[in-house]
Amino acid sequence: MAADPLVTIAAHSITHPPDLTDLPDVQLEQEILQSKKILEEKLGIPIRYFTYPEGKYDERVTAWVKAAGYRGALTMDDSENRFSNQSKSLLAIDRFGQSGLSQALEQAWGGLQLSAWQAAFDFDAPVVKSEITLEKIPLILISGGKPVTIHADSRYQVQEILTQTETAEDTEFAAGVDGGFFSMDSLDSNQMIGPVLSSSTGRFIPGNASENRKLRDRPLALIGNDTLRFIPFDPNRHNTLVGVEAEMPNLTDAFVGAGFLVRHGQPQPLESFGDLFDVNEPRHRAFWGVHGSGQPIIGVSAEPVGSVMLGQLLVQAGFREAVMLDSGASTSLAQGGESLVGYTPRPVPHVVALVSHKKMASRSDCTIARLSSNQSR
């Protein structure tokens, strides 16, 4: 074991006293220093770590561990399991006891996969939330599952739309983010700005001709059974079902986003956003796209950020394509029936959702029922 580079051997005292803090200094020196010396002599390797018996320590014990030349020491708390990144210091690294392994396994996550060699898509991965901070901007990301959209019959909080919209028995809406722009004419309007096709209704609704002209070259999101694309919106070609279906066979969902944040793995410059309102002012931002691994991702910035910097951060996070959604007061993200933002956002009628398949059935079996008008708001 000592010769195996994948095994790290740590000292654990000589006699395993139940509480090192009760021992006088002369005994602490023996338990902490001599255990290191014996292991190093017998094994011929450096012993760099110490594990407190039963996890008990105080400042005096830690001082002896430091004096002995250990780089780090492990502890544990019988009353509370904590991950290592919640530790007080490298001389008090928290760990899970055997009774907490099930909790650790539920929360453990190895991160998104590395980028695929080819621009493939992965709609079978489990839906997982992660929180990262880049350049002091915290981002909440949810990846995995199959992307779909929901066009509700009115305006609701995102978590309400997810929980009130029905799916097939083997599927569930695992998470969702607010989607495209919508009309503000009335509080209960579900009229979108630009054309929209949603799995939840199965209907294509063309956009208003005068508004469509202002959306030229904005990202048109196209979702199919096993693929998705983001292309510049052309109001002359993409305002009919025939026009959008010509861009993608087996099309299930389509809508126009706010702006391209990342294209082909590159962050987009300020001029690419055209005359988008407050485009580079610090605001809460909602976005979605595809990671280099091929998994779809939805997310929000937990602090205000400009669009140009957001695109740069998403490239660091591994996005190969990313589109900004309706942001500012509409910025919403929900998972498991709960909002993940620390404020009450403006209700919205449109959601980009991630569908998780409980039984991993065929994607073509996924059916979504329209949000009924007689359901509670």
May I ask you to test the [X]-[Y] pair for a side-chain heavy-atom distance under 4.5 Å?
{"X": "Leu162", "Y": "Ile150", "result": "yes"}
{"X": "Val290", "Y": "Ile297", "result": "no"}
{"X": "His350", "Y": "Met192", "result": "yes"}
{"X": "Phe123", "Y": "Leu228", "result": "yes"}
{"X": "Ile193", "Y": "Lys214", "result": "no"}
{"X": "Leu340", "Y": "Val300", "result": "no"}
{"X": "Phe182", "Y": "Val196", "result": "no"}
{"X": "Phe233", "Y": "Asp217", "result": "no"}

Would you say the side-chain atoms of [X] pair up with the backbone N or O of [Y], donor to acceptor, closer than 3.5 Å?
{"X": "Ser143", "Y": "Pro296", "answer": "no"}
{"X": "Asn280", "Y": "Val308", "answer": "yes"}
{"X": "Arg285", "Y": "Val305", "answer": "yes"}
{"X": "Ser307", "Y": "Val279", "answer": "yes"}
{"X": "Ser301", "Y": "Leu139", "answer": "no"}
{"X": "Thr240", "Y": "Gly243", "answer": "yes"}

Note to self: Please enumerate all residues that pass ring pair (Phe, Tyr, Trp, His ring centres under 6.0 Å) together with Tyr343, with sequence neighbours excluded.
What the structure shows: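 Result, ring pair (Phe, Tyr, Trp, His ring centres under 6.0 Å) vs Tyr343: His284.
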Checklist line | Phe230: ring pair (Phe, Tyr, Trp, His ring centres under 6.0 Å) partners, not counting sequence neighbours | finding: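 Testing Phe230 for ring pair (Phe, Tyr, Trp, His ring centres under 6.0 Å), a comparison that skips the adjacent residues, returns Trp288.
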Notebook entry, point to check: Val158 and Ile140: same hydrophobic cluster, using ILVMFWY side-chain contacts below 4.5 Å?
Noted result: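 Hydrophobic grouping puts Val158 with Ile140.
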Check: Are Phe96 and Met76 linked, directly or through other ILVMFWY residues, by side chains that come within less than 4.5 angstrom of each other?
Finding: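 As far as the 4.5 Å side-chain criterion goes, Met76 and Phe96 are not connected within one cluster.
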How many angstroms lie between [atom1] in [X] and [atom2] in [Y], if you round to the nearest 0.5 Å?
{"X": "Met309", "Y": "Leu314", "atom1": "CE", "atom2": "CG", "answer": "11.5 Å"}
{"X": "Phe255", "Y": "His151", "atom1": "CZ", "atom2": "NE2", "answer": "11.5 Å"}
{"X": "Thr163", "Y": "Glu338", "atom1": "OG1", "atom2": "CD", "answer": "11.0 Å"}
{"X": "Glu31", "Y": "Thr15", "atom1": "CD", "atom2": "OG1", "answer": "3.5 Å"}
{"X": "Arg82", "Y": "Ser87", "atom1": "CZ", "atom2": "OG", "answer": "8.0 Å"}
{"X": "Gln191", "Y": "Ser186", "atom1": "CD", "atom2": "OG", "answer": "8.5 Å"}

[X]: which residues meet the side-chain hydrogen bond (donor to acceptor under 3.5 Å, both in side chains) condition with it, sequence neighbours left out?
{"X": "Ser210", "result": "Asn208"}
{"X": "Ser330", "result": "Asp326, Arg346"}
{"X": "His238", "result": "Glu247"}
{"X": "Asp77", "result": "Ser79"}

Under 4.5 Å between side-chain heavy atoms, chaining through other members, with only Ile, Leu, Val, Met, Phe, Trp and Tyr counted: pull out the rest of the cluster around [X], sorted by chain and number.
{"X": "Ile14", "result": "Ile38"}
{"X": "Leu6", "result": "none"}
{"X": "Leu90", "result": "Leu74, Ile93"}
{"X": "Val65", "result": "Met1, Val7, Ile9, Leu20, Leu23, Leu28, Ile32, Leu33, Leu39, Leu43, Ile45, Ile47, Phe50, Tyr52, Tyr57, Val61, Trp64, Tyr70, Leu91"}

Item checked: Residue pairs, two or more places apart or on separate chains, that pass salt bridge (charged side-chain N to carboxylate O under 4.0 Å, His left out) and touch residues 300-314 ->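 Of all non-adjacent pairs touching residues 300-314, none passes salt bridge (charged side-chain N to carboxylate O under 4.0 Å, His left out).
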Notebook entry, point to check: Parallel, tilted or perpendicular for His12 and His16, by the 30°/60° rule?
Noted result: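 Taking His16 first and then His12, their aromatic rings stand perpendicular (interplane angle over 60°).
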Notebook entry, point to check: When you check the gap from the basic side-chain N to the acidic O, do Glu211 and Arg213 get nearer than 4.0 Å?
Noted result: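 The answer is no: the pair does not qualify as a salt bridge.
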Check: Charged N to carboxylate O under 4.0 angstrom, Asp25 versus Arg60?
Finding: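 The answer is yes: the pair qualifies as a salt bridge.
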Notebook entry, point to check: Is the number of heavy atoms from other residues, nucleotides or ligands within 6.0 Å of CD (Gln86) greater than 12?
Noted result: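 Counting other residues, nucleotides and ligands, CD of Gln86 exceeds 12 neighbours.
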Next item on the list: Would you indicate whether Lys66, at its atom NZ, is surrounded by more than 12 heavy atoms from other residues, nucleotides or ligands within a distance under 6.0 Å?
Entry: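 Counting other residues, nucleotides and ligands, NZ of Lys66 stays at 12 neighbours or fewer.
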Notebook entry, point to check: Does the side chain of Ser332 pick up a donor-acceptor pair with the side chain of Gln157 at under 3.5 Å?
Noted result: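 The answer is no; no qualifying pair exists.
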Margin query: Would you say Asn212 and Asn239 are linked by a side-chain donor-acceptor pair, where the criterion is simply a distance under 3.5 Å?
Written below: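 There is such a pair between these side chains.
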Return all side-chain donor-acceptor pairs below 3.5 angstrom for residues 258-278, not counting sequence neighbours, or 'none' if the list is empty.
{"unit_1": "His264", "atom_1": "ND1", "unit_2": "Glu321", "atom_2": "OE2", "d": "3.3"}
{"unit_1": "Gln268", "atom_1": "NE2", "unit_2": "Gln266", "atom_2": "O", "d": "3.0"}
{"unit_1": "Ser272", "atom_1": "OG", "unit_2": "Pro269", "atom_2": "O", "d": "2.6"}

Check: Which atom names give the shortest non-hydrogen contact between Ile223 and Pro147, and what distance separates them?
Finding: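 Nearest pair, atom of Ile223 first, then Pro147: CG2-O, 3.3 Å.
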Note to self: Out of the candidates Thr149, Leu241, Ile205, Asp253, only one should pair with Leu197 under the side chain to side chain contact (heavy atoms under 4.5 Å, CB included) rule; please name it.
What the structure shows: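 With Leu197 as partner, side chain to side chain contact (heavy atoms under 4.5 Å, CB included) holds for just one option, Leu241.
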Item checked: Evaluation steps, salt bridge (charged side-chain N to carboxylate O under 4.0 Å, His left out), between Arg283 and Glu281 -> CA-CA 6 Å; Arg283 304 177 73 192; Glu281 294 299 314; over 6 Å; no
Check: Passes side chain to side chain donor-acceptor pair (under 3.5 Å), Asn190 versus Asp153? Steps please.
Finding: CA-CA 6 Å; Asn190 76 336; Asp153 63 350; over 6 Å; no
